[in-house]
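Start at 1 with the first residue, then count along the sequence. These numbers come from the heavy atoms of this one structure, side chains and all, not from hydrogens, waters or symmetry mates.
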Amino acid sequence: MSIRYDDSLPLLLRFVELHFGDAVPTNLAVMRDMFGRLAVLVEGQDKNARTGLSKTLVGCLGPYAVDGATVIDAASPLGRDLLDDQHSLWRVERFPESGREVTVRTIDRRLVGQDWVLPPSHGPGGAPRLVFASLKGGVGRSTALSVTAAHLAQRGLDVLAIDLDIEAPGLGSMLVTADSRPRQGALDYLVENGRGGVSDDELDEFVATSELTDRFRGQGRVDVVPAAGRACADNPHNVIGKLARALVEDLRPGGGTISLRDQTREMVDRLAARRRYDAVLIDSRAGLAEMTSGPLLGLDATVLLFGIDQPQTFEGYSYLLAHLAQLQVRDENDWRHGFRFVQAKAPASPDARRRFRDDLFDLFADHFYESEDRGAFNFGMDEPGAPHDALCIGFDGGYLDFDPVRDHAHLDNAVYKAAFGDFLSGARGLLRLE
């Protein structure tokens, strides 16, 4: 029977345990290369022992063994370089023969998706940030961001809204008219940043002030960075070509590269620093693509995970949460507290909402929370403010055709408060604006 990706690490663990016997380590470093092949780093083994283990692993792993380097001396220059690599996933596994636990560090070398392997980064501060994220479209993520921006502006706050869903733009058309849209957008920034760069004097080309500001005159301000600016509308034949250049690493002038995640972080930092804002709201790309990792892991933001009560919601988020659980927590500022679930299109029934929250608890307990004997990141089912304690947005059929540029009533407090009132209260708390 053929060996598949999911079989490869358990097979490696089995034969490592057989090789070491009672001296099997409780911590193990493994390298997985860009093709998915595995190599194990070992200490205190002479060359003959490493050669013997290497032959065994090549024989059992087949296409999932790194040719010529299935066993790497951890004290060698290559071994030290690998152990210094920050692109690592951490997971507690069990040796197949004895059932003993082993902490496996996988040094994950990827051709794409490398940004997903670095733990979340902390930024220089500034206005609090809220990321609106989802694994599927159609859950009202961008609508909720638009309503939140209008709500905060009505309370006298200045807001910056940024559309990072560059492959499916939408936020720009919700908050600014076509004529008011800025010449450039987030897509253009990521393209130009890799060529001549974007100077501080040119940042105004990427930001427009929403018509909401005129409607709420004397109150707050809503500035918008759309995914695509007027240049894309004037040259639609160039958009797919721009995407091919935006979603790649940039070359540093002195050598090396700048990841997409770091480019996204720099863009948001610079745009948010143009003026004083009370809050920065960011619309993320749906799904688990490379462009999603920056908003979720690289912006030092609170992340709202949107979903509706359907089986595909729980399946999709099990993939995300199980991956996030493998990222390292390096300091007391535990980034895991920055995730919060949102039940979109929630039924009015309190019992139905409670059932959804209870199902979320099981999902988070299975894939994201730590067990009580392994760490402190765990919560009770009824604990308020826990990641699974979903903020709720009620279902309102009037928002199925959300177009506040054409129908201003969509962003009137009297209209949206019934569906969004509880959510907006929670969002203000997460933004520390209460």
Side-chain angles (χ1 to χ4, degrees), residues 115 120-133 141-142 145-146 148-150 152-153 157-167 169-176 180-213 220-232 242-243 245-247 250 258-285 291-304 431 433:
D115 285 345
S121 54
H122 303 301
R129 299 171 179 183
L130 204 57
V131 168
F132 292 65
R141 186 190 71 239
S142 302
L145 191 155
S146 300
T148 304
L152 295 178
L157 301 172
D158 292 341
V159 180
L160 176 64
I162 303 176
D163 190 358
L164 294 183
D165 194 358
I166 61 175
E167 292 169 278
L171 186 64
S173 61
M174 293 179 178
L175 294 177
V176 290
S180 301
R181 192 172 297 192
R183 182 170 180 273
Q184 307 287 327
L187 170 60
D188 304 285
Y189 184 103
L190 292 172
V191 172
E192 304 304 336
N193 188 56
R195 302 280 63 80
V198 177
S199 69
D200 290 343
D201 294 338
E202 295 171 320
L203 290 176
D204 288 345
E205 294 183 30
F206 298 83
V207 186
T209 299
S210 171
E211 283 75 12
L212 292 175
T213 301
R221 173 190 184 105
V222 178
D223 284 347
V224 183
V225 179
R230 290 197 318 273
C232 287
K242 287 182 180 180
L243 285 170
R245 278 78 187 177
L247 299 174
D250 282 348
I258 307 172
S259 70
L260 181 58
R261 173 168 148 177
D262 287 345
Q263 294 174 58
T264 303
R265 175 58 182 255
E266 179 194 72
M267 174 177 65
V268 172
D269 286 349
R270 294 182 69 199
L271 291 168
R274 285 177 59 254
R275 56 175 292 125
R276 187 198 67 81
Y277 291 106
D278 297 295
V280 179
L281 310 180
I282 299 147
D283 201 13
S284 172
R285 183 198 190 282
M291 187 61 194
T292 312
S293 65
L296 264 63
L297 302 177
L299 297 183
D300 195 21
T302 298
V303 179
L304 300 178
L431 288 165
L433 297 176

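Under the side-chain contact (heavy atoms from CB on, under 4.5 Å) criterion, T302 pairs with L130, L430, sequence neighbours left out. Partners of R276 under the side-chain contact (heavy atoms from CB on, under 4.5 Å) rule, at least two apart in sequence or in another chain, are D158, D278.
Of all heavy-atom pairs between L164 and P295, the closest is CD1-CG, 3.7 Å. For the residue pair V207 and V225, the shortest heavy atom distance occurs at CG2-CG2, 3.8 Å. For the pair A149 and L281, the tightest heavy-atom approach, listed with the atom from each and the gap, is N-CD1, 3.7 Å. In terms of heavy-atom proximity, A272 sits nearest to Y277 at O-CD1, 3.5 Å. When all heavy atoms are compared, the tightest approach of L203 to R270 is CD1-O, 3.9 Å. The two residues K242 and V191 come nearest to each other via the heavy atoms O-CG2, 3.4 Å.
Separating the CZ atom in R245 from the CG atom in L190 is a distance of 14.0 Å, to the nearest 0.5 Å. Within the model, atoms CG of D188 and CD of E202 stand 12.0 Å from one another, a figure rounded to the nearest 0.5 Å. To the nearest 0.5 angstrom, R141 atom CZ is 9.5 Å from L171 atom CG. In this structure, the separation between CD1 on I166 and OG1 on T264 is 7.5 Å, given to the nearest 0.5 Å. Distance CG/L157 to CG/L431: 9.5 Å, rounded to 0.5 Å. To the nearest 0.5 angstrom, D115 atom CG is 8.5 Å from L297 atom CG.
Among D300, D269, D283, the single residue meeting the salt bridge (Lys or Arg N to Asp or Glu O under 4.0 Å) criterion with R129 is D269.
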In residues 180-187, what donor-acceptor pairs under 3.5 Å come from side-chain atoms, sequence neighbours left out?
unit_1	atom_1	unit_2	atom_2	d
S180	OG	T177	OG1	2.9
S180	OG	E211	OE2	2.6
R181	NH1	A228	O	3.4

Go through the steps for V159 and R221 under the test side-chain contact (heavy atoms from CB on, under 4.5 Å), then give the verdict. CA-CA 6 Å; V159 180; R221 173 190 184 105; over 6 Å; no
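The shortest side-chain heavy-atom distance between E266 and I258 does not fall under the 4.5 Å cut-off.
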